[in-house]
Amino acid sequence: MRIQLDDHHFLNTDSFCCWITREKPNKDGKVNPRNMSGYYPTFTGAVESYIERRIKTSEATEIAELKNEIEALKTEVRGWEENRK
C-alpha cells in the first residue's frame, strides 16, 4: 500500500512493515524516492523513526534553532494526521 501524507511524503507498507519515503523531483525532473524512516511494523513506529532521523540530522547550532525545527516538525507530522481523516 502507498498513502500520500503530504506533497512529498508517502507512507509505504508491505505485509511486514511500514516506512516513509520522500519523493521530490531532482534538477533533471526525475523523481527518486528516498527513505526517510526505518522499517517498522506500525505507522507510529515509522513516524517516530522519521522524527528521530530529522532531529539527528539537524544542522542547528543553537538550542533555540533546534527548538524551532522541532516545532516545525511537529506541525508537519500533525498535518499528516489531519490528511488521514
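- For the atom pair CD of E52 and OG of S37, the computed distance is 11.0 Å after rounding to the nearest 0.5 Å.
- Transitive grouping of hydrophobic side chains (ILVMFWY, heavy atoms separated by less than 4.5 Å) keeps F16 and M1 in distinct clusters.
- C18 pairs in a side chain to side chain contact (heavy atoms under 4.5 Å, CB included) with only one of the listed residues (N12, L11, T44), which is L11.
- Using a 4.5 Å heavy-atom cutoff, the side chains of Y40 and V47 are not in contact.
- Using bins of under 30°, 30° to 60° and over 60° for the plane-to-plane angle, the ring pair Y50/H9 lands in the perpendicular bin.
- A pairwise comparison of heavy atoms in E23 and F10 identifies OE1-CE1, 3.6 Å as the closest pair.
- Expressed to the nearest 0.5 Å, how far CD1 of I70 lies from CD1 of I63 amounts to 7.0 Å.
- Looking at D28, its side chain never comes within 3.5 Å of a backbone N or O of K30 through a donor-acceptor pair.
- Between T13 atom OG1 and F43 atom CZ the span is 11.5 Å, to the nearest 0.5 Å.
- When all heavy atoms are compared, the tightest approach of N35 to R53 is O-NH1, 2.5 Å.
- P33 and V31 make their closest contact through CD-O, 3.9 Å (heavy atoms, listed as atom of the first residue, atom of the second, distance).
- The line from CD of E59 to CG of L66 is 12.0 Å long, rounded to the nearest 0.5 Å.
- Using a 4.5 Å heavy-atom cutoff, the side chains of I20 and W80 are in contact.
- A distance of 13.5 Å separates CZ of R34 from NE2 of H8, quoted to the nearest 0.5 Å.
- If you take CD1 on I51 and CD on E76, they are separated by 9.0 Å, rounding to the nearest 0.5 Å.
- Judged by distance alone, the side chain of S49 and the main-chain N or O of G38 form a donor-acceptor pair under 3.5 Å.
- Remark: E71 CD is packed, more than 12 non-hydrogen atoms of other residues, nucleotides or ligands lying under 6.0 Å away.
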